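A short write-up of the structure that comes next.
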There are 2 protein chains.
Amino acid sequence: MPANLASALITKLAVSNHLDGDDIRAIQSLRIRERHLGAREIIVADGSRPGECCLIVEGFASRSKTTADGERQVLSLHIPGDIPDLQSLHLGIMDHDLVSLSPCALGFIAHAELTEVTARHPHLAAALWRETLIDGSIFREWIVNVGRRAALQRMAHLLIEVHERLEAIGRTRGGEFSLPITQIDLGDCLGLSVVHTNRTLQALRGERLVETDKSGFNLLDQERLKELAGFDRTYLHLTPSS
Amino acid sequence: MPANLASALITKLAVSNHLDGDDIRAIQSLRIRERHLGAREIIVADGSRPGECCLIVEGFASRSKTTADGERQVLSLHIPGDIPDLQSLHLGIMDHDLVSLSPCALGFIAHAELTEVTARHPHLAAALWRETLIDGSIFREWIVNVGRRAALQRMAHLLIEVHERLEAIGRTRGGEFSLPITQIDLGDCLGLSVVHTNRTLQALRGERLVETDKSGFNLLDQERLKELAGFDRTYLHLTPSS
DNA sequence: CGGACTGTTGATTCGAATCAAAACCGGTGG
DNA sequence: CCACCGGTTTTGATTCGAATCAACAGTCCG
């Protein structure tokens, strides 16, 4: 019901899906419980069995896993409009953590509510399924990123990805975008140590490719960055029915 | 129609889903076009727009991406009962290759056929959605594997994963299982060079943890391997509605 | 002001890549 | 039957990218 909560979801879904009036009304009729969190709070914990899904209305979140010997790996970054734990609707048990990066406005939607709405709106169900598939596609690219790209390319690739995704929902100003992430977490995204993350970032700055400040990044030369990273946006599936 | 084709799918789906008689009849009524391929053939190519999904009836396949500068990364390994390109049903364009590892018996099912059956059987649709979510969960673990585990742990983790998945569909004899993969491809799974893959495998053999032959592996001490790899099977979601 | 966290720097070590060559293996054809 | 071929596995030597170790500086905040 609160228009602003649902609208974040509608904007995001519309990037990759054709939504008709019926779908939009169905989304607007969802009961969404609003909640506000600070930075670095656990939203949903590994091993838990959530009964609702979490929509990011404002702010940033990440999903991560910690290995048996305490090494952390970030699996994905999430932006407004994302439902990072949509998979919990059908998987039941969480196999990773969902954590806020920045202070967040979140909307929680009960599984029962989603089950019901997808049953009555198969087209919307397909759109949500598609969102989880795009999620999977981004995971695949991250496997390539940590598996086969050198540190510099790896970081460039990540920054372009986030820029493209934010651009699609209208949250960039040129090459600039907000992403309040520490170098520690950035390293955990890239499978690098903090020290090397720091040096790699300096290299990108030195090449005049990227500027950073506390709250975000500025991509100074997107063309050259894409060239460097070997970036191909296909995997983001940012247009409907592509 | 051909019972043996559908039964591979039924066996696999039943591992992670509760299927009722209606679901099973729906699967058995699917029109599945059978095809046989040799080893190392491209089943579906990156960039293509397939009109059907590919069920593995017999044999093994892998999905992989190649970076701009020619580095290959394997994203997943697939076993009988898997539909490795199920995501194409909703994503349209392939963002990676699907390739046979061994000679395969495949069953192709038209997208239209799947769309129709999922519309009429929402419970089956949920099961297929769930399969794609498990796919995604395995990708997440692979990100951790290449991002944060050392070569020895990494290889141990992969071998245990494949063993667990094959065991669930009844295709292991104790620690033994078939997986006809070259060290080149194994390296591409793990983000390692062939040389280092070879040495890592020798280390596992030296520890009397693993035996290999042309066609597969024998895990000599699963407990110790799991301990070494820090293996937690949760992410495989091998029980229904867990 | 002090403390906790984050960012930065330098020195050193180490795991894995690379380079290069040889051994092995199954298939093929003379 | 054996020579040969391409692909794969193995070995050794060397290099290199990134991790680790160890300080120190910067910043935010109570």
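Order of the sequence lines fixes the chain letters, A, B, ..., with proteins taken first and strands second; residue numbering starts at 1 for each chain. The model shown is predicted, which means the values in this text are computed figures rather than measured ones.
- Atoms CG and CG, from Leu77(B) and Leu166(B) in turn, are 9.5 Å apart once rounded to the nearest 0.5 Å.
- In this structure Asp185(A) satisfies the side chain to side chain donor-acceptor pair (under 3.5 Å) test together with Arg40(A), Arg72(A), sequence neighbours excluded.
- If you check the side chains of His163(A) and Glu161(A), you find no donor sitting under 3.5 Å from an acceptor.
- Applying the side-chain hydrogen bond (donor to acceptor under 3.5 Å, both in side chains) test to pairs two or more places apart or on separate chains, those with a residue in residues 168-177 of chain B are Glu58(B)-Arg171(B).
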Each nucleotide N or O in nucleotides 6-8 of chain D that has a protein N or O under 3.5 Å away: list the pair and distance.
none

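- Contact of the Thr67(A) side chain with the Gln73(A) side chain is not registered, since no non-hydrogen atoms from C-beta on lie closer than 4.5 Å.
- Think of the region where chain A sits on DNA chain C: with heavy atoms and a 4.0 Å cut, that region ends 5' and 3' at dT6(C) to dA11(C).
- For Arg205(A), there are no salt bridge (charged side-chain N to carboxylate O under 4.0 Å, His left out) partners two or more places apart in sequence or in a different chain.
- Of all the residues in residues 188-197 of chain B, Gly191(B), Leu192(B), Ser193(B), Val195(B), His196(B) reach under 4.0 Å from DNA chain C with at least one non-hydrogen atom.
- Applying the ring pair (Phe, Tyr, Trp, His ring centres under 6.0 Å) rule to pairs touching residues 202-221 of chain B yields Phe177(B)-Phe217(B), sequence neighbours excluded.
- Atom CD of Gln202(B) sits in a crowded spot, with more than 12 heavy atoms from other residues, nucleotides or ligands closer than 6.0 Å.
- Terminal axes of the helix from dC1(C)-dG30(D) to dG30(C)-dC1(D) (five pairs each, C1' rotation axis) are separated by 30°, to the nearest 10°.
- Residue Gln202(B) contributes atom CD, which lies 12 Å from atom P of dT9(D) at whole-angstrom precision.
- For the pair Arg199(B) CZ and dT11(D) C1', the computed distance is 7 Å after rounding to whole Å.
- In this structure, the side chain to side chain donor-acceptor pair (under 3.5 Å) partners of Thr132(B), at least two apart in sequence or on a different chain, are Trp129(A).
- Among residues at least two apart or in separate chains, there is no ring pair (Phe, Tyr, Trp, His ring centres under 6.0 Å) pair with a member in residues 178-209 of chain A.
- Heavy-atom distances under 4.0 Å link DNA chain C to Ala150(B), Ala151(B) of residues 145-163 of chain B, given in residue order.
- A salt bridge does not link Arg233(A) with Glu141(A): every distance from a Lys NZ or Arg NE/NH1/NH2 to an Asp or Glu carboxylate oxygen is 4.0 Å or more.
- A salt bridge links Asp82(A) with Lys12(A): at least one charged nitrogen is closer than 4.0 Å to a carboxylate oxygen.
- A 4.5 Å side-chain heavy-atom check between Leu55(B) and Phe108(B) finds every atom pair outside the cut-off.
- Checking Asp135(A), Asp97(A), Asp188(A) one by one against Arg63(A), the salt bridge (charged side-chain N to carboxylate O under 4.0 Å, His left out) holds for a single residue, Asp135(A).
- Asp85(A) is linked by a side-chain contact (heavy atoms from CB on, under 4.5 Å) to Val44(A), Cys53(A), Cys54(A), Ile83(A), Gln87(A), Ser88(A), Met94(A), Leu98(A), counting only residues two or more places apart in sequence or in another chain.
- Here dT9(D) presents its C1' atom at 14 Å from CG of Asp185(B), a figure rounded to the nearest Å.
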